[in-house]
Structure formats: structure tokens, C-alpha cells
Amino acid sequence: MEHTPLTVIVTYKTLPGKARAFYEAVTSSGVAAGVRQEPGNHGYDFFLPLDQPDTLLLIEQWENKAAADAHAFTDNVKKMGQIKPEYVLETSAVRYCRFA
């Protein structure tokens with residue numbers, strides 16, 4: 001399992017009308033670019049669901065579980081934690097292991 005790629009899907013339920021503003025805050029703050037430079041990161045991509053205007057999806061792709069776990073202790077995550085209260089009501093995440 002230590003070499004198995006991992007995908008994390010994060011769903012942010014935002015305050016009304018704040019999904020795009022949240023995305024812009026995360027990107028302009030350097031968080032997104034910083035995560036993309038972290039060891040083991042293979043993707044950090046945002047999506048706005050057409051039928052859920054107050055939702056922002058984030059798909060993170062990691063080399064393995066260790067890389068994803070290490071991400072949780074970075075300055076990028078701390079900075080994200082400072083940004084979220086202004087925009088986000090609820091966050092949920094699901095991890096998926098990809099087997100060959």
C-alpha cells in the first residue's frame with residue numbers, strides 16, 4: 001500500500017455565492033501553487049459543479065498515502081485554514097486508493 005497512488009476528493013460547501021470567490025482566494029494566496037510543488041503531489045485541481053452553485057470540488061492526486069498525510073502538516077494547509085472561515089460552511093473529504 002505504501003506505493004499505491006491516492007486520490008482525495010474534497011467538497012467545500014460555501015456561503016451563498018462564495019464558491020468562485022473561495023477558489024480565487026485559494027489561488028491568489030499561493031496555496032494552490034504551493035501544494036502543486038509539494039513532494040508527491042501529482043494534481044491539485046478545482047471544479048465548480050454546474051448544478052451546485054455553492055459548492056467547490058477539489059481533486060488532489062498524490063504519489064502515495066505518506067505524501068498525502070505529510071501534506072496535512074504543511075504551511076499550505078495552515079494558510080488554507082485561515083482562508084476557509086470567510087467562505088466555507090462545511091468541508092468533507094474522501095480518499096481513494098488506485099490499484100493497478
Side-chain angles (χ1 to χ4, degrees):
M1 284 284 280
E2 75 182 61
H3 298 292
T4 302
L6 183 75
T7 298
V8 181
I9 300 177
V10 183
T11 303
Y12 297 103
K13 297 292 184 183
T14 67
L15 292 163
K18 295 286 188 174
R20 183 172 291 279
F22 177 51
Y23 164 76
E24 290 170 359
V26 172
T27 56
S28 68
S29 70
V31 168
V35 173
R36 291 180 183 120
Q37 298 302 311
E38 289 179 23
N41 182 268
H42 294 283
Y44 192 80
D45 301 299
F46 291 92
F47 300 89
L48 291 166
L50 295 175
D51 61 344
Q52 298 175 45
D54 298 325
T55 299
L56 182 67
L57 296 178
L58 168 61
I59 299 178
E60 302 178 25
Q61 297 179 13
W62 296 96
E63 187 173 316
N64 53 38
K65 182 182 180 300
D69 289 346
H71 163 67
F73 300 98
T74 64
D75 287 341
N76 294 311
V77 171
K78 289 176 192 167
K79 194 182 293 185
M80 175 71 96
Q82 294 169 346
I83 295 168
K84 281 175 54 176
E86 185 176 341
Y87 303 96
V88 177
L89 293 171
E90 180 183 320
T91 304
S92 63
V94 179
R95 288 180 163 204
Y96 296 94
C97 292
R98 293 178 285 169
F99 296 100

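In terms of heavy-atom proximity, Ala32 sits nearest to Phe46 at CB-CE1, 4.2 Å. Across every non-hydrogen atom of Lys79 and Ser29, the tightest pair is NZ-O, 3.2 Å. Considering all non-hydrogen atoms of both residues, Val77 and Ala72 come closest at CG1-O, 3.7 Å. Counting all heavy atoms, side chain and backbone alike, Gly30 lies closest to Asn76 at O-OD1, 4.3 Å. What you find for Pro53 and Ala19 is that their closest heavy atoms are O-CB, 3.5 Å. Across Pro39 and Ala67, no two heavy atoms sit closer than the pair O-CB, 3.8 Å.
Legend: residues meeting ring pair (Phe, Tyr, Trp, His ring centres under 6.0 Å) with Phe22, ordered by chain and number and at least two apart, are Tyr12, Tyr87. Every residue two or more places apart in sequence or in another chain that forms a side chain to side chain donor-acceptor pair (under 3.5 Å) with Thr74 is listed here: Glu38. Listed by chain and number, the residues in a side chain to side chain donor-acceptor pair (under 3.5 Å) with Thr91 are Lys84 (sequence neighbours excluded). Contacts of Asp45 classified as side chain to side chain donor-acceptor pair (under 3.5 Å), with partners at least two apart in sequence or in another chain: none. Residues that satisfy the salt bridge (Lys or Arg N to Asp or Glu O under 4.0 Å) test with Arg36, not counting sequence neighbours, are absent from this structure.
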Would His71 and Val35 satisfy side-chain contact (heavy atoms from CB on, under 4.5 Å), going step by step from the backbone distance to the final call?
CA-CA 8 Å; His71 163 67; Val35 173; 3.6 Å; yes
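Distance OG1/Thr14 to CD/Glu86: 12.0 Å, rounded to 0.5 Å.
Contact check for His42 versus Pro5: no side-chain heavy atoms found under the 4.5 Å cut-off. Looking only at side-chain heavy atoms (C-beta outward), Arg20 and Leu48 come within less than 4.5 Å of each other. Looking at Val26 and Met80, their side chains come closer than 4.5 Å, going by heavy atoms from C-beta outward.
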Atom pairs and distances, donor-acceptor, side-chain atoms in residues 54-62, under 3.5 Å, two or more places apart:
unit_1: Asp54; atom_1: OD1; unit_2: Gly17; atom_2: N; d: 2.7
unit_1: Thr55; atom_1: OG1; unit_2: Lys13; atom_2: NZ; d: 3.3
unit_1: Thr55; atom_1: OG1; unit_2: Gln52; atom_2: OE1; d: 3.4
unit_1: Glu60; atom_1: OE1; unit_2: Trp62; atom_2: NE1; d: 2.9

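Linking Ile, Leu, Val, Met, Phe, Trp and Tyr residues whenever their side-chain heavy atoms come within less than 4.5 Å places Tyr96 and Phe47 in a single cluster.
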